[in-house]
Q: 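The structure's right below; bear with me while I get my questions together.
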There are 2 protein chains.
Amino acid sequence: MNESETRWLSAEEQKVWRTFMQAFNDFNAHLDRQLRRDSGMPVAYYEILVMLSEAPDHCLRMGELAELVRSSRSRLSHAVAALEKSGYVSRCPADGDRRGAVARLTDTGMAALEEAAPGHVTEVRERLFDPLTEEQVKALGEIAEAVAAGMRPACEKAIAEEFAAEAVTEV
Amino acid sequence: MNESETRWLSAEEQKVWRTFMQAFNDFNAHLDRQLRRDSGMPVAYYEILVMLSEAPDHCLRMGELAELVRSSRSRLSHAVAALEKSGYVSRCPADGDRRGAVARLTDTGMAALEEAAPGHVTEVRERLFDPLTEEQVKALGEIAEAVAAGMRPACEKAIAEEFAAEAVTEV
DNA sequence: AACCACTGCTTGAACTCTCAACTAGTGGGT
DNA sequence: ACCCACTAGTTGAGAGTTCAAGCAGTGGTT
C-alpha cells in the first residue's frame with residue numbers, strides 16, 4: 001500500500017460487503033458440512049471428482065485438473081494423494097511427458113460421486129437458487145462474470161510485478 | 001437424501017453456479033493471500049480484530065465474538081490463542097460468570113489492524129466493487145440478504161432434526 | 001444441600017491448506 | 001553433446017480448521 005489515499009468503503013458498501021461475506025461464508029460452510037457429514041469428503045474433493053467424471057476417459061493431467069478446480073498444484077497433489085488412499089482416484093504416469101501424471105477416477109470414485117451428488121445439489125438448490133428470484137439468479141451470474149473478469153488482469157499484474165521485482169533484485 | 005426426486009440444476013443454473021463458485025473462490029483466495037503476505041494473518045483473524053476494534057472497550061465475550069465472525073467456538077478459541085501469542089489480543093476472565101472469558105484487542109493489535117486495513121480494503125474495492133456497476137452492487141446486497149434469510153431456517157431445521165434424532169435414540 | 005442438565009470455553013488429534021523447497025524431465029541454444 | 005532456464009509434479013513442515021471430548025461453572029429441581 002503506497003497509494004497515497006485508500007478508497008475506504010462507504011456505509012452502504014460496508015453493509016453490502018458484510019452481508020455478502022456473511023451469507024456466502026455461511027453458505028459455503030453449510031455445503032462443506034453437509035458433504036463431510038453425508039459423504040465424508042470436503043467440497044474441494046467433491047469438485048475434483050466432478051471434474052474427473054466429466055473428462056474423457058475419466059482421466060486428466062494433474063496440471064489441467066489443478067486449473068479446473070482452481071487450486072495450486074501442491075494442494076491438488078495432496079488432495080489426490082488423499083483421494084487415492086480412499087480408492088476414489090488412481091494416478092499413473094502420463095505418456096508423452098515423463099514428468100507428467102494423470103489422475104483417473106476409479107469406479108469406486110464414480111460410485112461415491114453418484115452417491116454424494118444428490119445431497120449436494122439439493123443443498124445448493126435449497127440454499128442458493130430457491131431463495132432467489134429468476135432475475136436475481138441472472139444478476140448473480142453477471143456479477144460473478146464481472147468479478148471473474150476483473151480477476152484475470154490481477155493475476156497478470158501480479159506476475160508482471162514479480163518479474164519486475166526479480167529484475168531489480170538480480171543486479 | 002431420501003426425497004424421491006433430486007431437483008438437478010438446469011444448464012443455465014449450472015453455468016451460473018460454476019461461474020459464481022469460481023469467481024468467489026478466486027476472490028477469497030486473493031484476499032487471503034494478500035493479507036497473509038502483507039500482514040501475516042489470514043482473513044479470518046483480520047475479521048476477529050475488526051470486530052474487537054468496533055466493540056466498546058475493545059472487549060468481547062468469546063461467545064459473542066464467535067457469533068460475530070460466524071465461527072465455531074472451537075475455531076475461535078484456537079484463533080484467539082494464536083492472536084494472543086502474536087500479542088494482538090489478550091484474554092481475561094469475564095466478571096459475572098466465572099466460566100466466561102473476554103477477549104480484548106491490545107494496542108499492538110489495534111496498530112496491526114490499522115496497518116493491515118488499507119491494503120485489504122483496497123483489494124476489496126478493486127476486485128469486487130470496481131468491476132461492478134452501482135446496480136450490480138445493489139443487486140448483490142439483495143441477493144446476499146435473500147441467501148442469508150434462507151439460511152436461518154436451515155439452522156433451525158438442523159437443530160430440530162437433532163432433537164428428533166435424540167428423541168428416537170434415547171429409551 | 002445434593003443432583004443434573006445445560007452453558008461457556010478449551011483441548012487434542014486428525015485433516016486440509018499454504019508456502020517454500022526439491023526432484024525429475026523437457027527443449028532450446030551453443 | 002552439453003548447458004541452462006523452464007515446466008510438471010511432489011514433498012515436508014507449519015499454520016488453520018474440524019470434530020468430538022473434556023472441564024468447570026450455573027441454575028433449576030427435589
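All figures in this text were calculated on a predicted structure; none of them were measured in a lab. Reminder, nothing fancy here: chain letters follow the sequence lines and each chain counts from 1.
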Q: Run the side chain to side chain contact (heavy atoms under 4.5 Å, CB included) test against B/E142 and tell me which residues pass, sequence neighbours left out.
A: A/Q136, B/K138
Q: Rounded to the nearest angstrom, tell me the gap between atom NZ in A/K85 and atom P in D/dT11.
A: 12 Å
Q: For the CD atom of A/E13 and the CH2 atom of A/W8, what is their distance to the nearest 0.5 Å?
A: 13.0 Å
Q: At under 4.0 Å, does any side-chain N or O of B/R98 touch on OP1 or OP2 of D/dT26?
A: yes
Q: Quick check on DNA chain D: between B/P42 and A/R33, whose nearest nucleotide comes earlier from the 5' end?
A: B/P42
Q: How close or far is atom C1' of C/dC15 from atom CG of A/L35, stated in whole angstroms?
A: 15 Å
Q: Using modelled atom types only, decide if a donor and an acceptor are shared between the side chain of A/S71 and the backbone of A/A66 within a distance under 3.5 Å.
A: no
Q: Salt bridge check: are A/R18 and B/E54 linked by an N-O gap of less than 4.0 Å?
A: yes
Q: Provide, to the nearest angstrom, the distance between the CZ atom belonging to B/R37 and the P atom belonging to C/dC19.
A: 9 Å
Q: Summarise how protein sits on nucleotides 4-14 of chain C as a single string, 5' to 3': B when a protein heavy atom is under 4.0 Å from the base, S for sugar-phosphate-only contact, - for no contact.
A: ---BSBBBB--
Q: Restricting to non-hydrogen atoms, name the atom on A/R36 and the atom on A/P42 that form the minimum distance, rounded to 0.1 Å.
A: NH1-CB, 3.8 Å
Q: Would you mind reading off the distance between B/N28 atom CG and C/dT16 atom P, rounded to a whole angstrom?
A: 20 Å
Q: Figure out the CD/C1' separation between A/E84 and C/dT16, and round it to whole Å.
A: 17 Å
Q: Take the protein atom CG of B/D32 and the nucleotide atom C1' of D/dA15, then report the distance between them rounded to whole Å.
A: 11 Å
Q: What about B/F20 and A/F24, are their ring centers closer than 6.0 Å?
A: yes
Q: What is the separation between atom CZ on A/R70 and atom P on C/dC17, rounded to the nearest whole Å?
A: 13 Å
Q: Calculate the interatomic distance between A/N25 atom CG and D/dT18 atom P; express it in whole Å.
A: 11 Å
